[in-house]
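In this chain, numbering begins with 1 at the start of the sequence shown.
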Amino acid sequence: MAPSFDWWGKDTHRGTPVVVKMENPNWSMVELEGPSEDDFLIAGDSPASRTREKARGKNAKQLTWVLLLKAHKAAGCLTSIGSAMVDLAAAVRRRVASGRTDADDADNDVSVGGRVKENPTVKTRFYSCIKVFLWLSVLLLGFEIAAFFKGWHFDTPKLHLDYLWASQWGFKGVFGWIYAQWVLIRVGYLAPPLQFLANACIILFIIQSLDRLILCLGCFWIRFKKIQPVLKPGDLDLESAEKGYFPMVLVQIPMCNEKEVYQQSIAAICNLDWPRTKLLIQVLDDSDDPTTQLLIQEEVHKWQQEGANIVYRHRIIRDGYKAGNLKSAMNCSYVKDYEFVAIFDADFQPTPDFLKRTVPHFKDNEELGLVQARWSFVNKDENLLTRLQNVNLAFHFEVEQQVNSVFLNFFGFNGTAGVWRIKALEDAGGWLERTTVEDMDIAVRAHLHGWKFIFLNDVECQCELPESYEAYRKQQHRWHSGPMQLFRLCLPAIIRSKISIWKKFNLIFLFFLLRKLILPFYSFTLFCIILPMTMFVPEAELPAWVVCYIPATMSFLNILPAPKSFPFIVPYLLFENTMSVTKFNAMISGLFQLGSAYEWVVTKKSGRSSEGDLLSLVEREQKHQRGASAPDLEEMKEELEKQEKKASLRKKHNRIYTKELALAFLLLTASARSLLSAQGIHFYFLLFQGISFLLVGLDLIGEQIG
């Protein structure tokens, strides 16, 4: 609604000032003076005409300033877009000039536990297959373009075979004869198997989509009925004189060379609100860096002086990754005095009331083996990569874990931020080093022995997400190769177990096959191989609802638990398809026991979760330094500075990922071919998916190092 005449004010001589605040930070605030009465007076005018002219002039000036504001805003947006494009071009130029690829960094990965690294021949086999598809698509694209300009193109994917048979000898020249033979080959030999594979993937896609839909309906039902685990009131604890349930609890913090985050995790756990006589903290340090070991020992010594019941353990023989570390700690003689064990990774910071909100669920519930808390992320808004990870993990906790907990009393242990009944661990056979997913392994074995699990969606434990694509890629490789290793090892035990047929079906088909094997298989095969191939073999078709509508619906459902991420729904869909390459490769490695299935690379931490505690840590360090004995912090800091200087000389850089780049060019080539067939939805999907692969292949999505 336009402002009334009184908006300017009648009793003022110069008018009411108008303050305009520009949204773009490049523009400052401007104060405009409203027009005075004299501005509208014209000799010989009547009062009524002067009023009309005054209103008309006022409206014209208002419109002028509104248009100017819009122009300023548009100019600011264009400036921002222009600078972003310049930065993007500079980053691409640096990547290409440096020539660093993911293959160059293979020898620098640190595997904890001493297992054999992946064979380079095996690692390049998958990339070679992608290159074959790429060069074949480029060859076919040139072939089709030449045929198109000769007029041998049909507007629809369906070829008129009668016309083709009648005209194949009418083509002039060798090229015409070759093209006719190519069309006959693809109609008779290539299209049928490609269409069969496409139909099979579509069926798997529909089944997996129905599984997601059922999970979302289950989550809706939980919210609608307000279903959640209820704590039972505890009696008065005679030793602590507090009302509640206070059994003996062991807390374990496994870590390895994580000097960025060890301080805040130890501090947070030492501040847990629990009777000190009933709490023991084990810092399980597998670091092979002497300086990091000394720093962690000093931190433990500080808290021991404050009265915390905390011990430091370091293994000489560091076999078995995290599982070996936890297994070694559970073999200590004093563990028999404790009833429960809480596990926190090095970057996790539980709230002081964490144990009070989790341990009481075990009271009078002898069948309960695990209480799992939800993760929250301190750096979820750091960059596009962390935002997309937050969408995935929000769905995992809010929907998958919660629904499986309520309706099945079983879900995969997340490896941290959980409390186990020690009897359940022992009954399941303890920690085993046979896979890289020891958390899922112990959860499956405990479930086969009849133990039940509870997930607490309202109890959160703060941690951080990988900020670089390299770290995220390696993490996802481990998370998707390990379950396939475990499936091969656990299948006989699942079949022989005494659990119900329904629980066996859930474990084999839903938990392992559908969500761990079928999902990465069809995502990669359908959208990265079959779809671009159907552009060159148009007799095999993928319907528009498979390419667009169902994926969009599934992305919408996945993003519901993180409503603030709705602006990223399209990047999320594209990025999930992009990550299917890594997940598919990992799944194949785990299923067939290839070399990369045994890789364990510690996820790089940035230490961002400690920024809020820096002042308190500095004060605590100063207080303890006055009476500290050994080791000498100054010497350790000097040694740490020397190591950091050496590390800066071999500073990590962003690199080019060859498989993702090859698939980017494959999809972009297929999108160019789809233009010849005028397939709108397929063209846009292939184009944007190809651009997504290109950005990821050039490492432009996460942390930018150099």
Side-chain angles (χ1 to χ4, degrees), residues 211-235 242-247 249 268 272-274 339-344 348-377 380 390-421 424 439-440 443 446-447 450-463 502-503 506 510-511 515 557-565:
D211 176 58
R212 286 293 174 100
L213 180 60
I214 292 171
L215 285 173
C216 290
L217 292 175
C219 183
F220 173 77
W221 181 257
I222 292 172
R223 284 197 170 191
F224 179 72
K225 291 294 186 178
K226 298 181 180 179
I227 302 174
Q228 59 181 358
V230 180
L231 282 173
K232 296 181 180 180
D235 301 325
E242 294 184 38
K243 189 175 182 180
Y245 178 59
F246 298 101
V249 177
L272 286 171
D273 187 8
W274 200 258
E339 189 175 356
F340 303 100
V341 56
I343 302 172
F344 299 97
F348 278 72
Q349 300 178 75
T351 55
D353 62 347
F354 181 89
L355 294 179
K356 287 187 174 181
R357 299 178 66 185
T358 54
V359 174
H361 286 279
F362 290 97
K363 181 178 172 60
D364 300 328
N365 192 353
E366 296 300 324
E367 294 182 339
L368 184 61
L370 167 67
V371 175
Q372 173 72 58
R374 179 174 179 161
W375 300 356
S376 61
F377 310 105
K380 62 183 179 181
N390 180 56
V391 173
N392 251 343
L393 290 170
F395 181 87
H396 170 69
F397 287 110
E398 182 86 14
V399 180
E400 292 179 336
Q401 297 290 75
Q402 188 171 208
V403 170
N404 289 325
S405 170
V406 171
F407 294 103
L408 299 174
N409 294 121
F410 167 73
F411 50 84
F413 175 45
N414 292 118
T416 178
V419 182
W420 276 94
R421 188 188 296 272
D439 44 10
M440 186 181 295
H447 179 59
W451 292 97
K452 297 181 178 180
F453 304 162
I454 285 180
F455 174 74
L456 302 179
N457 193 53
D458 59 337
V459 180
E460 296 185 354
C461 190
Q462 182 175 269
C463 61
W502 159 243
K503 289 184 177 181
N506 172 66
L510 296 179
F511 186 76
R515 297 167 189 164
L557 293 177
N558 284 4
I559 215 166
L560 280 177
K564 293 183 179 179
S565 301

Check: [X] ring centre within less than 6.0 Å of [Y] ring centre:
X: Phe511; Y: Phe410; answer: yes
X: Trp420; Y: Phe340; answer: no
X: Phe348; Y: Trp375; answer: yes

Quick one: are [X] and [Y] in side-chain contact, heavy atoms under 4.5 Å?
X: Lys452; Y: His447; answer: no
X: Pro352; Y: Leu272; answer: no
X: Cys219; Y: Gln402; answer: yes
X: Lys356; Y: Trp274; answer: yes
X: Val359; Y: Val249; answer: yes
X: Thr358; Y: Leu456; answer: yes
X: Leu231; Y: His361; answer: yes
X: Phe411; Y: Leu370; answer: yes

Give the minimum heavy-atom separation between [X] and [Y], together with the two atoms involved.
X: Gly415; Y: Ile343; answer: O-CG2, 3.7 Å
X: Trp451; Y: Glu366; answer: CZ3-O, 3.1 Å
X: Val403; Y: Leu215; answer: CG2-O, 3.4 Å
X: Ala373; Y: Phe354; answer: CB-CE1, 3.5 Å
X: Val399; Y: Cys216; answer: CG1-N, 4.0 Å
X: Phe453; Y: Ala446; answer: CZ-CB, 4.0 Å

(request) Look up atom OG in Ser565 and atom NZ in Lys380, then write down how far apart they are to the nearest 0.5 Å. (result) 7.5 Å
(request) Could you tell me the separation between the SG atom of Cys461 and the CZ atom of Phe377, rounded to the nearest 0.5 Å? (result)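 That separation rounds to 10.5 Å.
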(message) If you apply the rule side chain to side chain contact (heavy atoms under 4.5 Å, CB included), what do you find for Phe362 with Val371, and how did you get there?
(response) CA-CA 8 Å; Phe362 290 97; Val371 175; 3.5 Å; yes
(message) Applying side-chain hydrogen bond (donor to acceptor under 3.5 Å, both in side chains) as the test, list every pair that has at least one member in residues 211-223; sequence neighbours left out.
(response) Asp211-Arg515, Arg212-Asn558, Arg223-Glu398
(request) Would you mind listing every side-chain hydrogen bond (donor to acceptor under 3.5 Å, both in side chains) that reaches into residues 408-419, with sequence neighbours excluded? (result) His396-Asn414, Gln401-Asn414
(request) Please assess Phe395 against Leu560 for the test side chain to side chain contact (heavy atoms under 4.5 Å, CB included), listing each intermediate value before the final yes or no. (result) CA-CA 8 Å; Phe395 181 87; Leu560 280 177; over 6 Å; no
(message) Are more than 12 heavy atoms, taken from residues, nucleotides or ligands other than Phe407, located less than 6.0 Å from that residue's CZ atom?
(response) yes
(message) For Ala394, give me all partners under side-chain contact (heavy atoms from CB on, under 4.5 Å), at least two apart in sequence or on another chain.
(response)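 Partners of Ala394 by the side-chain contact (heavy atoms from CB on, under 4.5 Å) criterion, ordered by chain and then number, come out as Arg374, Pro561, Ala562.
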(message) Checking the side chain of Arg421 only, and the main-chain atoms of Glu339 only, is there a donor and an acceptor separated by less than 3.5 Å?
(response)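 The answer is no, because no donor-acceptor pair under 3.5 Å joins these two groups.
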(request) Spell out, as yes or no, whether a donor-acceptor pair under 3.5 Å connects the side chain of Asn404 to the backbone of Glu400. (result)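 A pair under 3.5 Å: yes.
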(message) Leu557 vs Leu213, test: side chain to side chain contact (heavy atoms under 4.5 Å, CB included). Steps then yes/no.
(response) CA-CA 8 Å; Leu557 293 177; Leu213 180 60; 4.0 Å; yes
